Amino acid sequence: MRHKLLTAALGLSVFASCMKSTDLYDPNYGENNTPKTESNSFDFSTTQSVNLTVDYSACGAGVVFFSVYSEYPLSDDEDPVLKNDVQPVFESFTDQSGIFNTAVTLPAYAEHLYIYTGNFFVKEQLLECNVQNGSASVAAKSSRSVARRAFGMTRSSDDNQTTSLATLYQLSNLVDWRTGDDTGNKIYKDWVTWLGSWDSETGRPSYLMSSSDANYSKLAFSEDEMKGIKQTIGNALANKKSCDTRFRQPFDLVLDKKSEVAVTVVGGNTCWNSTMGYYYYPEGQTPTKREDLNIVMLFPNTQGGQSSFIDGKAGSGDKYNGNIALQTGDMVQLIYYPNIANGDMSGATTEFPKGMRIGFILKSNGWGMQKSVGDKKFYNIYKGDLKNSDVARQYNAWGASTEGMSYSSDDAEQNAADKGTYACPNPTGQARTAKFAYQNADGQQYAIVSFEDACNDDDYDDIILALKPVGVFEDLPVPDEKVTKSIGVYAFEDLWPAKGDYDMNDAVVDFSQVWTWKTPNVATTSPKIYKETVNLTTYQNYVTLKSGLAVTVNNKVEPTSVKMKAIKGADVKDVTFEKDGDTYLLTEDIMGTIGTQFVIEFEYADGITEKQKSTVKPFIYRNESVGRWEVHIPFEAPTSKMITSYFRTGDDLSVPAEGKYYVRDGNYPFAFFLSGVTIEPFKSTILLRANESKPINDLYPKFLKWSTSKGKENKDWYKTSL
């Protein structure tokens, strides 16, 4: 703003400099003074405190990570994914029983909540509720009945057993997407079916291990081990969210000792009925051509019935015709065939040599693309966007765990007919698996392999396997860390207590509070926050007064260490901010540090909980001889260094004895915090030079209705500008 009142402001500063030290902040100041007029009782807050209860206890999923959205977060496709442009307003973990029950701070505009979890052990992944009387509550139903029903669908008689690939010829060949017919174009060798037969109607293998098998107790997971595996998967993967790239390992599992190997199905979330095989090769002899892979049939049909697509929508279940083959805990012992390259089963053994790498391959919808057998159809009839097709959707895609060995066609005509929804060209044959490990309290690693079926997302949870024995594979990354954050923008008028132009751009600060969660041992320890980071980045419009930026941080638990940084572009400096009690003075000159990100990192050796998060209060200030001139958001108390004689001068109507600070009688505040947004949209409004000195309502037409209704209407006013 153009500071025509600069002389008056300087006069106040001179007056304050003559005060005695006893005139500093007095909590009883104003107690016997009669206000010259009544202040606006509205606090201009854009946040609300909500007693939030999220209950997944009926699902038996243990600790569950969840996200809260203020708008519908999924796309409108028949098989929706999370929208990239919709961000959560809150994220956290439940306790080990699957329950979260805590008062949290949400944007005031978040009145209808969408609670989403990507944990596929929770059947109802999207729940909705309203905020009513300061509370919101959701509870997921048990998914165990679904699992039992799915298992019931897989039961069949021995008369239906087969090893025939007659209806699975597309495991190696490309098919015509219009008809499902074989094109004669071979991509891989024919798969071998040496492990045994499977049910011809469902694809459930006859060679699954049972408790009567000699090696069962050695290769099966205990209940506690499976709990740890599931919770690790919950930390690493989230349905409909892109998998962290550090888990997308481009290499196969390698044995560091001679060992037997078994794979156990943990679960999956996909609409496809895919087919999975395994292969192996010695360390140092990685295949370079797809036709070099010697693939053994593992699971003819990987569908386990956990997909929300199957019975989460009306009429979807019949697309699978009861065609569900697997359930969590199904286990197959892998066999090593030393002469498989020659098509010879001789020498077969349950022990794999040291240094052998084991790979897996998934043919997307391989079982689902079966054609009719007589008058029966044993495949899912999902057609994607090909509504007029006479066959199930034909998908020419293979996902391998070895870099360079995957394949996915890019048919322009098919993509046009199918709106490109499921196009996934993979010209380099990039590996389509994530590999990570559950690590128990003793440091033992349980290898986990999860697949992306080359569909329309990168969540890598379409089928997930855990391998045993423990400790026979080289170490894998352990997903024991997750980050959550809260965001917002602070805006200050720097002529306080004088009346300003209320363009709210004199000091603008992009704010975020970031929490790094860790789970040292998921089977026994609930997640805790081990690092808490406060980030404030300075923006300022065209002003002449020099103001500083400070922040008061109330740590509910004493940090083990505190680190401070100043970042501008690529320049990162370790710094030490001047500290006054709980207050950090970040800069005396915002204008001279525009675009600088000030960072304070608090580390906690023993961790803190959701309820122990620190309270953070940024404000602007100027140092004076007997204290500080400070501007905080309405009703927020200043620090003990505040020069209280500024109160009730100019346009200010503070009454400290009543806990009223930085208030006035009009419809504009001296400062406010805009919750749940970043600085980006304001770069074209309040931070634009052409809008200097324009009151905030000139740019945001919903502002005055929000202000005059005392926040009851237009709670999202700052998300819609002219």
Side-chain angles (χ1 to χ4, degrees), residues 1-6 9 44-47 84-87 107-109 487-496 498-512 535-549 566-570 586-587 589-598 618-622 631-634 651 662 664 666-708 711 714-722:
M1 65 171 60
R2 306 297 183 188
H3 293 295
K4 296 180 180 180
L5 297 177
L6 179 59
F44 294 91
S45 174
T46 60
T47 65
N84 292 327
D85 58 347
V86 177
Q87 298 302 311
Y109 60 73
I487 61 173
V489 172
Y490 282 86
F492 300 89
E493 282 283 297
D494 68 353
L495 274 183
W496 179 90
K499 182 178 180 179
D501 55 13
Y502 301 106
D503 53 10
M504 305 308 298
N505 62 16
D506 297 337
V508 182
V509 179
D510 196 18
F511 167 81
S512 69
N535 302 293
L536 299 112
T537 304
T538 53
Y539 293 83
Q540 189 176 27
N541 212 350
Y542 313 98
V543 296
T544 56
L545 289 178
K546 179 180 176 180
S547 300
L549 176 65
I567 304 172
K568 189 166 186 179
L586 306 179
T587 177
D589 183 11
I590 294 176
M591 187 184 302
T593 57
I594 289 176
T596 300
Q597 181 182 3
F598 299 99
F619 61 94
I620 61 173
Y621 75 98
R622 297 182 198 125
V631 181
H632 296 247
I633 61 175
D651 207 38
Y662 305 100
R664 57 187 304 274
N667 293 314
Y668 302 91
F670 293 112
F672 49 43
F673 172 62
L674 306 178
S675 176
V677 291
T678 67
I679 195 70
E680 289 305 316
F682 302 104
K683 291 179 179 178
S684 60
T685 57
I686 64 174
L687 291 175
L688 200 63
R689 180 160 192 165
N691 294 327
E692 168 66 14
S693 298
K694 289 183 179 179
I696 190 75
N697 55 286
D698 280 3
L699 303 176
Y700 291 89
K702 293 182 177 181
F703 171 83
L704 280 180
K705 191 68 174 179
W706 170 73
S707 177
T708 56
N714 293 346
K715 296 178 181 180
D716 62 347
W717 65 267
Y718 52 94
K719 299 180 74 175
T720 306
S721 62
L722 288 173

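On a predicted model such as this, the values are computed, not experimentally measured, just so you know. Note that these values count all heavy atoms, side chains included, but never hydrogens, waters or copies made by symmetry.
In this structure, CZ on F703 lies 6.0 Å from CZ on F672, to the nearest 0.5 angstrom. Taken from CG in D506 to CG in L545, the straight-line distance is 8.0 Å, to the nearest 0.5 Å. To the nearest 0.5 Å, the span separating OG on S45 from CD1 on I633 amounts to 7.0 Å. The CG atom of L674 lies 11.0 Å from the OG1 atom of T47; values are rounded to the nearest 0.5 Å. Between the NZ atom in K546 and the OG1 atom in T587 there is a gap of 8.0 Å [rounded to 0.5 Å].
Checked options L688, N505, V677; the residue passing with F682 is V677 (criterion: side chain to side chain contact (heavy atoms under 4.5 Å, CB included)). Under the side chain to side chain contact (heavy atoms under 4.5 Å, CB included) rule, P681 has a single partner from T678, T685, I679, which is T678.
Closest approach of L687 to K683, counting heavy atoms only: CB-CA, 4.1 Å. Residues F44 and P634 share a closest heavy-atom pair of CD1-CG, 4.2 Å. Scanning all heavy atoms of the two residues, the minimum distance from E493 to I620 falls at O-CD1, 4.4 Å. The minimum heavy-atom distance linking A491 with M504 is given by the pair CB-O, 3.4 Å. Nearest heavy-atom pair, A671 versus F492, reported as atom, atom and distance to 0.1 Å: CB-CD2, 3.5 Å.
A centroid separation of less than 6.0 Å is found between the aromatic rings of F511 and Y490.
Classified by interplanar angle (parallel below 30°, tilted 30° to 60°, perpendicular above 60°), the ring pair W496/F670 is perpendicular.
A donor-acceptor pair is defined here as one N or O able to donate and one able to accept, closer than 3.5 Å; no such pair exists between the side chain of K694 and the backbone of D501. Put simply, the side chain of T46 gets close to the backbone of F673: a donor and an acceptor are under 3.5 Å apart.
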Name every donor-acceptor pair, under 3.5 Å, that has one atom in a side chain of residues 715-722 and the other anywhere in the protein, sequence neighbours excluded.
| residue | atom | partner | partner atom | Å |
| --- | --- | --- | --- | --- |
| K715 | NZ | E111 | OE2 | 3.0 |
| Y718 | OH | S675 | N | 3.4 |
| Y718 | OH | S675 | O | 2.6 |

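Applying the side chain to side chain contact (heavy atoms under 4.5 Å, CB included) test to T538 and every residue at least two apart in sequence or in another chain returns L549, I590, T593, T596, F598.
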* To do: Would you check, one step at a time, whether the test side chain to side chain contact (heavy atoms under 4.5 Å, CB included) holds for N691 with D503?
  => CA-CA 8 Å; N691 294 327; D503 53 10; over 6 Å; no

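Residues L699 and I686 are in side-chain contact: their nearest non-hydrogen atoms beyond the backbone lie under 4.5 Å apart. With a 4.5 Å cut-off on side-chain heavy atoms, Y539 and D510 count as touching. Side-chain contact between S547 and D494 is present, with at least one heavy-atom pair separated by less than 4.5 Å. With a 4.5 Å cut-off on side-chain heavy atoms, Y668 and K499 do not count as touching.
A donor atom on one side chain and an acceptor atom on the other are not found under 3.5 Å apart for N667 and T708.
The environment of NZ in K705 is sparse: at most 12 heavy-atom neighbours from other residues, nucleotides or ligands sit within 6.0 Å.
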